[in-house]
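In what follows, residues are counted from 1 in the order of the sequence shown.
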Amino acid sequence: MSDVLASPFGLRRLSGVRPRPAALPERADVVVVGGGIIGLSIAWRLAEGGRSVVVIERESVGAGASLAATGMLAPAAEHEPGSDILLPLALESLRRWPGFRDALQAASGQDIDYREEGTLVLAIGRDEVDRLRFRHDLQRRSGVAAQWLSGAEVRVREPLLRPNVTAGILCPLDHQVDPRLVMAALVRACEGAGVAIVENRGVDALDREGGRVTGIRAGSDRVAAQTVILAAGAWSGEAGLLPWALPVRPLKGQSLALRTTKRTGTLSHMVWTEQVHMAPKGDGHLIVGATVEDCGFKAGVTAGGLFALLEGARRVLPGIEEMEIEAVWSGFRPTSDDDAPILDTPMPGLVVATGHHRNGYLLMPATADAVAALLATGALPDFARGFGLDRFGQDENQEGRAVA
């Protein structure tokens, strides 16, 4: 379980969200396995299109990565060597975000603290400047909006940073949201559209008939469905629902929330360094994240993890020394073998939408729209193609591929 759900920070930010019912219906048009942002956004889109949808979550909504995230919508700052396959999808999803935001806020009556100030990626010292130059060259070659700044120009935009900041890149089109507000809005929007959300129920098996998935089994209960969507995040590879292993694993991250005041001040932009990223939120929190730990499902917050976060932040922002630590938590990013999402129909009646790594919030609108289009037309739209299981050499292990 993600520690954020047990903290006052996480509970307060999801206040007003009602407990989910435990009863499963006997049938639905669509069953979504997984109650994170990917599963809920898909469920909402499909329900708004007139389908009956059930979401089944093994713990609480958002318990894996969704409530543990920072909420960055940052395709420019995230772009790095080897991510060329992901960039067009990331940019397309960012383009869809304003419309998605407006629809979600209207459907839920919930503001999600959508912020458009951009990202500052910083360097300290010659070695970091050289690496930042390499990143900037890659961004320019890829057509990503990115502006080189001197250290003095960085501090004009963020005067609370230390004078030792040597250079920076401004990514003006990177945005951010508040994950806890987005989760609360998605739950309300889903329930308003008639989605049944069932928590604390694990899915044990897929029902199959004639080579087609026809529903799910959860304990002694069965739900018949035209389509099952596997969106279980880091647990997608552990579910044991498929006759082959999905190339998805957990990548643990620890984060913390600092309470800023008028005395301490705060940042105006998302700020990235080689050690940490920091994201100011509209309610006065400054989120500092996140460690990267390939340790399986080993939950918990460690002294080493917190030290790395605090030291990394203090290295560029001295004011954190006076900020109160309000919450600490860990979560599990759903990471595929190439850090890009898996969007596929490995067998009739089954859709896989998982492996979004650290880009779940960024890719949420494009993923939801792509899956909705798949169910409506029988094919993924052009912007979402190229993310199938065949890129991992698994096609030969599957029992037949067809649209959902």
Side-chain angles (χ1 to χ4, degrees), residues 10-21 25 28-57 60-67 69 71-73 92-116 175-199 225-227 229 231 233 281-283 343 351 353 356 359-377 381 383-384:
L11 290 175
R12 185 178 68 253
R13 302 294 286 284
L14 281 179
S15 62
V17 177
R18 300 188 305 276
R20 311 278 79 75
D29 294 336
V30 179
V31 171
V32 179
V33 181
I37 52 168
I38 298 300
L40 291 180
S41 60
I42 291 170
W44 172 49
R45 280 296 202 224
L46 295 178
E48 285 213 319
R51 298 176 187 266
S52 62
V53 184
V54 179
V55 174
I56 305 176
E57 166 55 44
S60 302
V61 289
S66 299
L67 281 172
M72 297 178 295
L73 317 177
E92 175 63 25
S93 198
L94 182 65
R95 187 186 69 79
R96 292 168 182 260
W97 246 108
F100 185 90
R101 170 202 62 201
D102 294 345
L104 180 59
Q105 291 183 159
S108 65
Q110 167 83 59
D111 182 82
I112 62 172
D113 192 22
Y114 189 96
R115 303 182 60 163
E116 304 177 58
H175 299 164
Q176 63 162 314
V177 293
D178 188 317
R180 290 139 203 91
L181 297 179
V182 172
M183 279 296 304
L186 277 173
V187 170
R188 294 188 181 108
C190 280
E191 292 183 335
V195 176
I197 302 175
V198 180
E199 294 181 306
Q226 297 172 5
T227 305
I229 298 172
K281 301 302 181 183
D283 64 357
L343 304 173
V351 175
H356 290 73
N359 291 302
Y361 279 89
L362 170 60
L363 298 177
M364 178 168 49
T367 300
D369 289 347
V371 173
L374 172 63
L375 267 63
T377 68
F383 68 81

>> Ignoring hydrogens, what is the shortest heavy-atom contact between A353 and T367? Give both atom names and the distance.
In response: CB-CG2, 4.3 Å

> Shortest non-hydrogen contact from G36 to E57?
Replying inline: N-OE1, 4.3 Å

>> Contact between R180 and L67 at the side-chain level, heavy atoms closer than 4.5 Å - yes or no?
In response: yes

> If every non-hydrogen atom of A43 is compared with every non-hydrogen atom of V195, which pair is closest and at what distance?
Replying inline: O-CG2, 3.7 Å

> Roughly how far apart are I42 CD1 and T227 OG1, rounded to 0.5 Å?
Replying inline: 11.5 Å

>> Ignoring hydrogens, what is the shortest heavy-atom contact between P381 and A373? Give both atom names and the distance.
In response: CD-CB, 3.9 Å

>> Can a donor-acceptor pair be found, under 3.5 Å and without considering hydrogens, that links the side chain of Q110 to the backbone of L181?
In response: no

> If we only count heavy atoms from C-beta on, is the Q226 to L375 side-chain gap below 4.5 Å?
Replying inline: no

>> Can a donor-acceptor pair be found, under 3.5 Å and without considering hydrogens, that links the side chain of S93 to the backbone of A366?
In response: yes

>> Filter on side chain to side chain donor-acceptor pair (under 3.5 Å), then keep only pairs touching residues 31-55, sequence neighbours left out; what's left?
In response: D29-S52, W44-E48, R45-D369

> Rounded to the nearest 0.5 Å, how far apart are CG of L343 and CG of L374?
Replying inline: 9.5 Å

>> For M183 versus L40, what's the shortest heavy-atom pair and its separation?
In response: CE-CD1, 3.7 Å

> At what distance, to the nearest 0.5 angstrom, does CD of Q176 lie from NZ of K281?
Replying inline: 4.0 Å

> Should M364 and W97 count as side-chain neighbours, where that means a heavy-atom distance under 4.5 Å?
Replying inline: yes

> Does some side-chain heavy atom of Y114 sit less than 4.5 Å from a side-chain heavy atom of P98?
Replying inline: yes

> How far apart are the closest heavy atoms of G34 and V55, and which atoms are they?
Replying inline: O-CG1, 3.6 Å

> Distance from N359 atom CG to M72 atom CE, nearest 0.5 Å?
Replying inline: 8.0 Å

> Cation-pi between R95 and F383: NZ/CZ under 6.0 Å from ring centre and within 45° of the ring axis?
Replying inline: no

> So do I112 and R101 actually touch side chain to side chain, heavy atoms under 4.5 Å?
Replying inline: yes

> Looking at side-chain heavy atoms only, is the closest gap between D283 and D113 below 4.5 Å?
Replying inline: no

